[in-house]
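Written out below as structure tokens is the structure these notes cover.
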Amino acid sequence: MASLLKKPLKLALVQLAIGADKAANLTRARSKVLEASRAGASLVVLPECFNSPYGCQYFPKYAETLLPSPPTQDQSPTYHALSALAAESKSYVLGGSIPEYVASTGKYHNTSLLFAPDGKLLATHRKVHLFDIDIPGKITFRESDVLSPGNKLTLVDLPPYGKIAIAICYDIRFPELATIAARKGCFLMLYPGAFNLTTGALHWSLQARARAMDNQVYVGLCSPARDMEAGYHAWGHSMVVDPNAQVLTEAGEGEEIVYAELEAEAIEQTRKGIPIYTQRRFDVYPDISKGHVKYEE
Ligand SMILES: NC(=O)CCC(=O)C(=O)O
């Protein structure tokens with residue numbers, strides 16, 4: 001079987017401290033991405049909502065217009081900052097997510113932008129599963145009060161490494177996405193995400209390890225740094241999990257960059273040792289990666 005990961009890749013997750021000042025967030029993101037690329041990272045990930053505080057009341061105020069693409073500097077300063085940063089750092093940069101406004105539909109989305117080392121936009125992913133939960137006495141959140149969901153999976157080739165998939169935070173709770181992506185040849189699932197103190201303690205690491213274990217791929221989760229003065233308290237603990245479901249690296253709660261070296265052998269050895277890839281029973285249940293799947297490569 002051909003290697004899914006064609007060349008070792010150093011991945012960096014920037015657990016960014018995010019505040020109310022968008023320009024300051026972009027400046028801080030720039031300095032952290034450059035630090036990560038100087039440390040040898042070829043793929044640098046920023047958190048969900050990295051240019052604004054996380055919360056329904058903030059989405060319209062911080063939203064940028066990305067279409068028609070490319071947007072002007074006024075329509076999307078973040079697009080231009082990320083593009084310039086990818087080119088300057090000569091690395092792939094995943095701009096975790098930003099609030100997006102689509103003028104033609106009047107809708108807001110939670111959208112991730114991936115730029116190539118030459119500064120070109122490679123992919124956009126709009127969060128497919130909106131974060132609507134209600135745990136009495138703990139946390140109620142309804143992204144769908146303001147946001148509309150995206151309607152596709154996002155798989156993207158990063159030459160010379162191979163294919164990855166991008167999804168955002170709550171998307172991780174829907175294992176179909178990772179299963180389809182892995183069966184379509186991705187070696188890494190990336191989830192910029194802002195879990196909270198209730199669900200983070202319960203499920204953050206479990207979800208990351210479960211997606212890795214079920215699919216025998218690498219998984220990266222990139223959170224904002226925790227800020228107890230903010231309205232939403234992010235869990236932190238950005239992490240990279242290997243294809244055997246072991247946590248390779250994990251941040252604490254504050255601002256931090258964590259790194260991991262991803263290698264083809266880890267996927268191959270895991271799949272050789274526990275060969276679920278050749279043991280599936282599609283005569284008993286369907287292969288969900290076949291048939292009706294809306295995705296973009
Ligand atoms: N930003 C989010 O989608 C949060 C998801 C979350 O906290 C969860 O438990 O799921």
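Whatever order the structure lists ligands and atoms in, that order sets their numbers, starting from 1.
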Those atoms of ligand 1 less than 4.0 Å from some heavy atom in [X]:
| X | result |
| --- | --- |
| Thr199 | 6 (C), 7 (O), 8 (C), 9 (O) |
| Glu48 | 1 (N), 2 (C) |
| Asn196 | 7 (O) |

Qualifying residues under side-chain contact (heavy atoms from CB on, under 4.5 Å), relative to Arg226, sequence neighbours excluded = Leu197, Met228, Trp235, His237, Glu253
Side chain, backbone, both or neither: which applies to [X] and ligand 1 if a contact is any heavy-atom pair less than 4.0 Å apart?
| X | answer |
| --- | --- |
| Glu143 | neither |
| Phe141 | neither |
| His203 | neither |

query = Is there a heavy atom in Ala194 that sits closer than 4.0 Å to ligand 1?
reply = yes
request  = Work out whether the distance between some heavy atom of Tyr54 and some atom of ligand 1 is less than 4.0 Å.
outcome  = yes
Beyond-backbone contact of Leu13 with Thr249, side-chain heavy atoms, under 4.5 angstrom =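 Side-chain contact under 4.5 Å: no.
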key: Test item: Tyr92 and Val156 side chains (from C-beta on) under 4.5 Å apart, heavy atoms   =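 No, their side chains stay 4.5 Å or more apart.
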request  = For atom 3 (O) of ligand 1, find the nearest protein heavy atom and state the residue, atom name and distance (0.1 Å precision).
outcome  = Lys127 NZ, 2.7 Å
message = Just to confirm my output: which protein heavy-atom neighbour is closest to atom 4 (C) of ligand 1, and how far is it?
response = Cys169 SG, 3.1 Å
ask   = Would a distance-only check, ignoring hydrogens and angles, find a side-chain to backbone donor-acceptor pair under 3.5 Å from Asn25 to Ala20?
value =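 Pair absent, no side-chain N/O of Asn25 close to backbone of Ala20.
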request  = Return yes if some donor-acceptor pair links the side-chain N/O of Glu255 with the main-chain N/O of Ala225 below 3.5 Å, else return no.
outcome  = no
key: Partner residues of Tyr170 under the ring-ring contact (aromatic ring centres under 6.0 Å, His included) criterion, sequence neighbours left out   = Phe131, Phe174
request  = Determine, using ring centers only, whether Tyr54 and Tyr232 are less than 6.0 Å apart.
outcome  = yes
inquiry  = Between the side chains of Lys32 and Glu35, is the shortest nitrogen-to-carboxylate-oxygen separation below 4.0 Å, so that they form an ion pair?
reply    =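 Lys32 and Glu35: salt-bridged.
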message = Can you check which of His129, Gln207, Arg173 brings a heavy atom nearest to atom 10 (O) of ligand 1?
response = Arg173
